[in-house]
Number of protein chains: 2
Amino acid sequence: MGVTIYDIAREANVGIGTVSRALNNHPKIAAKTKNRILEISRRLSYQPHAYAQGLAKRKTNTIALIMPFFTNYFFVEVLQGIQDKISDLGYDIMLYGVNQTNQVEEYLKRALQKGKVDGILFFSMKLPDGFDAKLKEIQLPTILVDTYHPDFDSITVQNEEGAYVATRYLVKLGYKKIGMINASLDSEPARMRYNGYRRALDEAKLPFSERYFRISKHSKADGFNREAGYQAMAEIIDKNREDLPEAFFISSDIQAIGALNAMKDRKLTAPEDIAILGFDDIELAKHIGLTTMRQPMYQMGVLAVEKLFHRIQNNEFPPSHTTFSPTLIVRETCGTEKKQPKS
Amino acid sequence: MGVTIYDIAREANVGIGTVSRALNNHPKIAAKTKNRILEISRRLSYQPHAYAQGLAKRKTNTIALIMPFFTNYFFVEVLQGIQDKISDLGYDIMLYGVNQTNQVEEYLKRALQKGKVDGILFFSMKLPDGFDAKLKEIQLPTILVDTYHPDFDSITVQNEEGAYVATRYLVKLGYKKIGMINASLDSEPARMRYNGYRRALDEAKLPFSERYFRISKHSKADGFNREAGYQAMAEIIDKNREDLPEAFFISSDIQAIGALNAMKDRKLTAPEDIAILGFDDIELAKHIGLTTMRQPMYQMGVLAVEKLFHRIQNNEFPPSHTTFSPTLIVRETCGTEKKQPKS
DNA sequence: AAGGTTATTGGAAAGGCTTCCACAATATTG
DNA sequence: CAATATTGTGGAAGCCTTTCCAATAACCTT
């Protein structure tokens, strides 16, 4: 069917080894044989067979991306960073979009299949039990993004710190009754954000009230979804009509959008009635004027690829961990201050 | 390094052919040999080598997705449909996200590489010259989504019709000065939407005015991006202060969001000052109350995968073309009517 | 018990490439 | 010009499977 190196070898009156050398510009080959072969292979529009090459070289030039998928805008942006960087390097991306948590193991197993990919980028989810050992055993380079394990390279955001900064900002603006709408505590980032929130509250000697705290019911995306935000806010408002909180720290922008929606349906606005502070700085936050904590998503994608390549080339160094600090982006939903951090 | 069928064969005292048969539950094998082999292969935690298998079977169980990538939310949703469907079928996805138009050919060439994928899903872009012939020559099953070529299966949306319905709706609401903000005319959908808009205008005997028409300057995503929408609207408003249009049909929701932003910055609101009608019904349209034309994105993804599988199994039938009609989703940005189509 | 089936099995060949080893051809040196 | 070093080349072996063909073993028949 397709043209093989044997066809080229016959055409050029050389051995297949020579053809291979010409094609891979190996040093030990005479310039003119090489050119002749190249010319012929162009004429026959030869294409190496990807799998045959992969099998012989023990290298796939492909990496796997395992990421929560839903409509979580966080990932679209990280994905762009990854795509841009990886194209340059001539690699391909095998995408495993996780829609339900039970798919994680399934996808990991597939990606681990011998000879399928050269490395894995694993996102925002806890590495399922047992896979840490397995990954180390088969020595498949793996980078964790937005999640952590001591034995693997990782890139994370200071979630606890970010939540702390966010909440402290609300305190500084003078709010006393500060609630939080959180995603599911199954999610590590959600737990950390909760901790930061509590720390800021404690430090300011403000009371924590269960009445102003909700965890997502909608389990989609671990609770990082709009419906969950809507429902949590609706519930809090409806149950506390006579004594509303003044401000909310919400664990993601997408939930904040839902929460704002719930407020709007109840004729409440931010920041006049309730101040809202999100997390992520997704692209649409700018549009709706949401004050939020920004994560450098694109850069995280780029860095993830860089780390992975490092490790693909040489896996003999200890894990490195990079953390980014989220930055406060002041817009309108908390009321504004005089001195604004750069937006 | 890894366990191979030779290891299993030795362990089980059988030939490699027998091992292979056991693993692929081939009929011609004695039940107990099969069980013994299966048991051993489990014990050694054998994993077939993906590439060796692919090479021998001439089948990769992988398909390529070539799609515009940017932050175009349209694709996130189509992607979900694809991912869900394809996982069930045990296939993997090779993702090629196009950020700049010049990457298209590069990616196509890669995906066409012999033995790399079993089929291609090609999205929303014109198939570059010459590739139609090449695809047919190598007989790689290909489905076009949101774009068209007579010789390939395709799934499209009636863009012309959608734009016509949209514009006619604005006419029916009584608007006379109806502008349009369009994406780049390099894009086929953009051209069709323009045609539909003009047809509705002509039919209503309303004049078309260059003053109320803009094409995206920002070339990112062929002009389907927020900045382009913002800029176009800003320009129109600023140049026509004394004689603003009453309504706009805008070629995508994401541009509409930008346009609304530009209005907001100029203290104009929809629908009070200017009515806005978008296209796509991305998830966030609901949140901001944008009246728009809905494309059944998730279903398009699912159908695309189904068509592709059909063709992977048997490529011997003529191309089939499916088109979906977009439906009008009435929300708030055009003013509301009594009788609302289902939202 | 001999002959004829049928059910299993072993393993070579094929899939298309890279790489290594041995040999041939050419160039260099004294 | 012979001896030696250098360059270039052919092709077998290896990467790991699947698949096909031939061979063996087990089972029936009469």
Side-chain angles (χ1 to χ4, degrees), chain A residues 1-38 40-41 44-62 90 110 112-118 138-139, chain B residues 1-38 40-41 44-62 90 110 112-118 138 140:
Chain A
M1 194 111 306
V3 183
T4 72
I5 51 170
Y6 285 87
D7 299 318
I8 298 179
R10 196 177 332 110
E11 192 79 9
N13 268 310
V14 296
I16 54 163
T18 307
V19 174
S20 177
R21 278 182 291 259
L23 261 19
N24 295 290
N25 55 338
H26 185 101
K28 300 297 185 102
I29 186 171
K32 70 175 173 188
T33 354
K34 176 168 163 180
N35 288 336
R36 186 157 49 92
I37 291 174
L38 253 31
I40 291 173
S41 82
L44 303 183
S45 63
Y46 167 78
Q47 288 233 296
H49 183 113
Y51 276 29
Q53 226 169 8
L55 186 56
K57 280 203 184 143
R58 261 139 289 177
K59 188 103 168 37
T60 65
N61 281 353
T62 303
R110 279 214 228 161
L112 291 185
Q113 199 190 1
K114 218 188 320 164
K116 193 145 196 173
V117 297
D118 296 340
I138 63 176
Q139 303 211 41
Chain B
M1 194 110 308
V3 183
T4 72
I5 51 170
Y6 286 87
D7 299 318
I8 298 178
R10 195 178 331 110
E11 192 78 9
N13 268 310
V14 295
I16 54 162
T18 308
V19 174
S20 177
R21 277 182 291 259
L23 260 19
N24 295 288
N25 56 340
H26 186 101
K28 299 302 187 95
I29 187 171
K32 71 175 174 190
T33 351
K34 176 168 163 179
N35 289 337
R36 187 157 49 91
I37 291 175
L38 254 31
I40 290 173
S41 81
L44 302 184
S45 61
Y46 166 78
Q47 286 233 297
H49 183 112
Y51 275 30
Q53 229 168 8
L55 185 57
K57 281 202 184 145
R58 259 140 290 177
K59 188 101 170 38
T60 65
N61 282 350
T62 304
R110 279 216 227 160
L112 290 185
Q113 198 190 2
K114 217 188 320 166
K116 193 148 199 171
V117 298
D118 296 340
I138 63 177
L140 189 62

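Throughout, protein chains are lettered first and strands after them, A, B, ... in sequence-line order, and every chain is numbered starting at 1.
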Contact residues, residues 27-35 of chain A to DNA chain D [heavy atom, < 4.0 Å]: A:Lys28, A:Ile29, A:Ala30, A:Thr33
side-chain hydrogen bond (donor to acceptor under 3.5 Å, both in side chains) partners for B:Thr62, two or more places apart: none
Sugar-phosphate, base or nothing in reach of B:Tyr51, heavy atoms under 4.0 Å: nothing
Degree of bending in the helix from C:dA1-D:dT30 to C:dG30-D:dC1 once both end axes are built from five pairs, to 10°: 50°
Below 4.0 Å: OP1/OP2 of C:dC17 and any side-chain N or O of A:Tyr46: yes
Rounded distance (Å) that lies between atom C1' of C:dT9 and atom CG of B:Asn13: 13 Å
Residues in salt bridge (Lys or Arg N to Asp or Glu O under 4.0 Å) contact with B:Lys57, at least two apart in sequence or another chain: none
Shortest side-chain distance from A:Leu55, nucleotide among C:dC17, D:dG10, C:dG16: C:dG16
Which residues share a salt bridge (Lys or Arg N to Asp or Glu O under 4.0 Å) with A:Lys116, sequence neighbours left out: B:Asp92
Under 4.0 angstrom between B:Gln53 side-chain N/O and D:dC16 OP1 or OP2: no
Report, one pair per line, the protein and nucleotides 19-25 of chain D atoms (nitrogen or oxygen only) whose separation is under 3.5 Å.
from   : atom 1 : to      : atom 2 : distance (Å)
D:dC20 : N4     : B:Arg21 : NH1    : 2.9

Show me the donor-acceptor pairs, under 3.5 Å and distance only, between side chains in residues 13-29 of chain B and residues at least two apart or in other chains.
from    : atom 1 : to      : atom 2 : distance (Å)
B:Ser20 : OG     : B:Asn24 : ND2    : 3.3
B:Asn24 : ND2    : B:Ser20 : O      : 2.7

Listed partners of B:Asn35 passing side-chain hydrogen bond (donor to acceptor under 3.5 Å, both in side chains), at least two apart: none
Test salt bridge (Lys or Arg N to Asp or Glu O under 4.0 Å) applied to B:Arg10 - qualifying residues, sequence neighbours left out: B:Asp7
With sequence neighbours excluded, residues passing side-chain hydrogen bond (donor to acceptor under 3.5 Å, both in side chains) with B:Thr33: none
